[in-house]
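Every number for a ligand or one of its atoms is a count from 1 in the order of the listing. Just so we're clear, the structure is a prediction, and the values are computed from it rather than from any experiment.
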Amino acid sequence: MTNNAYESVIKEFMAKVIARNPGEVEFHQAVEEVVTTIIPYVEENPKYKVAKILERIGEPERVILFRIPWKDDKGEIQINKGYRIEMNSAIGPYKGGLRFHPTVNLGVLKFLAYEQVFKNSLTTLPMGGGKGGSDFDPKGKSDNEVMAFCQSFMTELFRHIGPNTDVPAGDIGVGGREIGFLFGQYKRLKNEFTGVLTGKGREWGGSLIRPEATGYGQVYFAEEMLKTRGDSMKGKTCCVSGSGNVAQYATEKATELGGKVVTLSDSAGFIYDPDGIDSEKLAYIMELKNVKRGRIKEYAEKYGCEYYEGKRPWGIKCDVALPSATQNEIDEEDAKTLIANGCFLVSEGANMPSTPEAVEVYQNAKIMYGPGKAANAGGVSVSGLEMSQNSLRLSWTREEVDARLQQIMKDIHATCVKYGPKDGDYIDYVTGANIGGFVKIADAMMAQGYV
Ligand code: NDP
């Protein structure tokens, strides 16, 4: 088949996806990115075409929508929407985080669940894909309000999940505090102490390195990409976006490996610290964001550096970009600016942080680009290791978990290299990750019949 013929198959496929899932723009974007790279592979391997694997993967096995009523501190009743997308269980129980953010809707969660299916397959661990959450905004809420909300959320969700069925974790707006409240309510309702959620506290079934895993994995993946060119993180100036879980530990690991992180952001703006965010400054950020729940602006006030209100950090000169906030946070212009300023590697901690136009810019410039479903898979990988430890009723040391995480990131990188087209020292990690993730799920689905 010629490239033109592929293009028309892709166009036809996407027209059906858009018609079946109206208005779900982020979902369309995620599906298009995947099918653009996989349709040529499927055309060459017609058994997948006959079994309609791509069509089936794009349809969730189950979607749960529910009402979450709760009372705020003033005694007023609030109502939020709750969701769980159980996307694909071909290779294991549904697995994927919960997001609490006002921008959450069905299309956003379907995009995240779809990405998760491929990502989980890449990790080499037996996990299916899912995602869930709510349009609840934890910002500005008291601990008591967050607990009331989490308890109400779990009062419905508990009947749909379980250690062998569906194992949620954290995502934006869902950290250790929320997982604690959710786990407590599940335990109360089921009268069972099981590994039904990951990201738990260390004293009650959590894995060491789980909080660090996504950010660490993102930097390990960057290091693997650099190794293909005989390079390393040492001496690299890095722009990080976000200042939450992923951004904090990406900063920690990049610094530990000899890099210098000069930016962090939140939804209000970004800080630029040309001296680099060392361990003492990072400790301040962790206290600011995880305990005081303050704004990144306060960092600039404390350390006397620049703060850019309402802006994203991609105009700052860097070698390496580590987007770690949210979807579509790097657009075409940002991508061009990054490259014009010398950036030659992007490793995504966030899910789908680059728009399709930005990805095209990276690919045309042939810079190293690790897409989220490969580069940020460290988080779910250690969640998988948490599930194993819970089943075995034991806990591995920090060193043991970190060594496993590093090995998994190496294996994911190797899978991308195996399936990714190459041109000299350039590797197409997008195609590599998509095909690498697809083959295992497709074969499992074929073996299980059309269920
Ligand atoms: P957190 O809630 O801990 O932090 C999110 C950060 O991103 C905050 O600094 C937040 O700023 C910022 N942010 C959120 N939404 C927006 C927005 N619309 N515009 C600008 N900034 C925004 O979440 P995580 O660190 O856990 O998640 C970050 C990304 O990483 C997400 O894309 C998530 O899906 C992905 N990810 C997370 C994993 C995990 O293990 N936690 C695993 C794999 C991927 P503010 O506080 O102002 O909202």
Query raised in the report: Counting only heavy atoms not in K81, do more than 12 fall under 6.0 Å of its NZ?
Result: no
Query raised in the report: Just heavy atoms, cut-off under 4.0 Å: does Q116 contact ligand 1 by side chain, backbone, both, or neither?
Result: neither
Report task. Report the part of S324 (side chain from C-beta onward, or backbone N, CA, C, O) that has a heavy atom under 4.0 Å from ligand 1; answer both or neither where that applies. Result -> backbone
Report task. Please say whether the positively charged group of K410, taken as NZ for Lys or CZ for Arg, lies over the ring of Y220, i.e. under 6.0 angstrom from the six-membered ring centre and within 45 degrees of the axis. Result -> no
Report summary line: Heavy-atom proximity to atom 8 (C) of ligand 1 ranks first, among P138, G173, G244, for G244
Query raised in the report: Within less than 4.0 angstrom of ligand 1, does R210 place any heavy atom?
Result: yes
Requested in this report: Out of Q218, K139, R293, E178, indicate the one that has the non-hydrogen atom closest to atom 48 (O) of ligand 1.
Outcome: K139
Query - Sub-4.0 Å heavy-atom approach of R295 to ligand 1 - result: yes
**Report entry** W70 and N80 side chains, donor-acceptor separation under 3.5 Å
**Finding:** yes
Requested in this report: Pick whichever of V108, D171, N376 has a heavy atom sitting closest to atom 33 (C) of ligand 1.
Outcome: D171
Report summary line: Heavy-atom proximity to atom 39 (C) of ligand 1 ranks first, among T214, N351, V382, for T214
Query raised in the report: Measuring from the heavy atoms of H101, does anything fall under 4.0 Å of ligand 1?
Result: yes
Query raised in the report: Would you say the side chains of Q248 and S243 form a donor-acceptor pair under 3.5 Å?
Result: no
Query raised in the report: Between F153, F181, Y83, which is the residue that forms a ring pair (Phe, Tyr, Trp, His ring centres under 6.0 Å) with F100?
Result: F153
Query - Cation-aromatic face contact K311/F270, 6.0 Å, 45 degrees - result: no
Query - ligand 1 contact on S265 by region, counting heavy-atom pairs under 4.0 Å - result: backbone
Query raised in the report: Looking at ligand 1, does G175 have a heavy atom less than 4.0 Å from it?
Result: no
